[in-house]
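Start at 1 and go down the list; that is how both ligands and their atoms are numbered.
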Amino acid sequence: MTDTRKRITVLGATGSIGLSTLDVIARHQQRYEVFALTGHTQLERLLQQCLQFNPRFVVVLQPDAGATLAAKLRAENCRTEVLVGIDAMVQVASASEVDIVMAAIVGAAGLRPTLAAARAGKTVLLANKETLVVAGQLFMQAVQQSGARLLPIDSEHNAIFQALPAHCDGELAAKGVAKIILTASGGPFRLLPLDKLRGVTPDQACAHPNWSMGRKISVDSASMMNKGLEVIEAHWLFNAAADQIDVLIHPQSVIQSMVSYVDGSVIAQLGNPDMRTPIAYALAYPERIDAGVPPLDLAAIATLQFEKPDMQRFRCLQLAFDCLRAGDDRSAVLNAANEVAVAAFLQQQIRFDQISDLVDATLQRLASQSLQSLEQVLAIDAQARSVATNEIGRLA
Ligand code: NAD
Ligand code: MG
């Protein structure tokens with residue numbers, strides 16, 4: 001009997017999205033076969049994943065991690081082959097055997113393998129929003145040229161994808177779309193007195209009220225830079241201008257996002273805040289499969305609230321809108337500076353309220369340039385990281 005299972009590479013398998021993806025795959029082993037897994041630091045977790053899913057390849061970044069993992073796999077009689085380095089991640093994202101690539105590395109580090117999957121015409125399940133923020137034009141061109149299928153995993157964009165008319169290839173106005181409405185929980189500090197933002201700790205910032213996520217995106221959610229990155233992501237995914245995108249705070253995270261039409265209709269997608277829902281949707285698209293998510297109990301939730309975001313409190317959101325409007329390399333600089341700032345905050349080198357200061361200062365120090373090639377994107381990313389790192393000293 002021929003094996004009709006879809007073959008999947010999971011980039012960033014050990015992270016929060018990676019775990020949720022493998023949880024859904026484990027429920028449907030007759031549909032999916034894991035071709036490759038990649039990870040960075042959590043070797044024990046990666047080992048267990050190899051033993052459970054038996055992939056052809058597992059990729060890590062560092063040679064010593066590769067050697068350790070290979071020895072452990074041998075001891076377990078597991079035949080998964082260990083590869084090392086970013087080029088190997090590119091290779092397993094674009095290999096001819098692969099049908100689906102889950103792009104779930106965090107940050108601009110995911111750019112090269114994610115872009116490689118798009119260039120190779122794969123079905124790309126995109127969680128790594130930073131790829132679109134730093135290289136939106138290049139990435140969308142690659143998708144169009146190769147005929148790749150791009151399915152958003154970010155819950156908001158997945159909701160919008162579901163609420164838009166079928167085959168809406170970037171013609172929002174022609175299809176009667178008035179606005180894309182991104183909902184946002186507002187994070188853990190929505191109601192904290194503004195002067196208290198100075199003193200919040202990394203653990204407080206990572207304690208999201210509704211979602212359990214990696215630390216970087218958790219801090220981004222607390223500053224609402226995450227929503228800012230998602231505005232830019234929506235721009236590229238749906239060909240939406242900044243004025244066609246609204247952000248609405250909705251603390252319960254039940255409405256995952258909405259599309260408003262010119263006739264007054266608003267179509268929303270609802271669900272429990274569990275990433276397995278968008279992951280299962282994208283894995284099976286256009287079919288539907290069980291995600292392991294409990295049914296939504298609206299009577300138990302009873303109340304859904306909404307409010308406009310306060311741009312004084314959430315300066316990062318304003319900065320992201322400004323960068324989208326300014327174009328050129330601004331979003332790439334914004335992202336690089338934010339990655340440096342979040343890492344510095346998590347290491348307690350800067351305060352939470354200084355994240356937006358650092359991003360703003362970096363944007364001001366670098367004159368705007370146009371972005372054409374991957375080499376230019378990588379150069380600007382590196383330059384912005386170095387400027388932002390210098391700025392940390394000035395803030396202290
Ligand atoms: P995470 O920190 O939990 O996991 C990140 C993964 O990337 C890990 O497997 C890690 O090993 C790998 N990684 C880290 N640095 C790397 C590097 N330099 N090179 C190669 N691999 C590296 O992150 P996460 O929360 O799973 O988020 C992953 C992506 O998905 C992010 O872009 C995030 O914005 C997006 N996303 C996450 C959620 C969520 O609920 N967690 C929701 C929407 C979007
Ligand atoms: Mg999101």
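We find that Arg5 and Asp99 are not joined by a salt bridge, their nearest charged nitrogen and carboxylate oxygen being 4.0 Å or further apart. A salt bridge does not link Asp353 to Arg315: none of the charged side-chain nitrogens sits closer than 4.0 Å to a carboxylate oxygen.
Those atoms of ligand 1 that come under 4.0 Å of a heavy atom in Gly39, given as number and element, are 11 (O). Below 4.0 Å from some heavy atom of Ala13 lie the following atoms of ligand 1, by number and element: 9 (O). Close contacts between ligand 1 and Lys129 involve ligand atoms 32 (O), 34 (O), 44 (C) [criterion: under 4.0 Å to a heavy atom]. Remark: ligand 1 atoms within the under-4.0 Å shell around heavy atoms of Ala127 are 30 (O), 32 (O), 35 (C), 36 (N), 44 (C). Taking every non-hydrogen atom of Ile217 and a distance limit under 4.0 Å, the qualifying atoms of ligand 1 come out as 25 (O), 33 (C), 34 (O), 36 (N), 37 (C), 38 (C), 42 (C), 43 (C), 44 (C).
The closest approach of Asp154 to the Mg ion (ligand 2), by N/O/S atoms, is made by OD1. The nearest N/O/S atom of Glu156 to the Mg ion (ligand 2) is OE1.
Counting heavy atoms closer than 4.0 Å to ligand 1, residue Ser16 contributes atoms from both its backbone and its side chain. With a 4.0 Å heavy-atom cut-off, ligand 1 is reached by no atom of Ser20.
Residue-to-ligand polar distances place Thr14 within reach of ligand 1: an N/O pair is separated by less than 3.5 Å. Of the polar atoms of Trp211, none of the N or O atoms is found under 3.5 Å from an N or O of ligand 1, judged by distance alone. In terms of polar-atom proximity, Gly15 is counted as a contact of ligand 1, with an N or O under 3.5 Å from an N or O of the ligand. Close N/O approach between Gly12 and ligand 1 is found [any backbone or side-chain N/O within under 3.5 Å]. Some N or O of Gly214 is nearer than 3.5 Å to an N or O of ligand 1, by distance alone. At least one N/O-N/O distance between Glu130 and ligand 1 falls below 3.5 Å.
Around CZ of Arg79, the count of heavy atoms belonging to other residues, nucleotides or ligands within 6.0 Å does not exceed 12. Counted within 6.0 Å of NZ on Lys179, heavy atoms from surrounding residues, nucleotides or ligands total more than 12; the atom is thus considered enclosed.
When the options Leu132, Asp154, Thr38, Thr131 are ranked by their closest heavy atom to atom 43 (C) of ligand 1, first place goes to Asp154.
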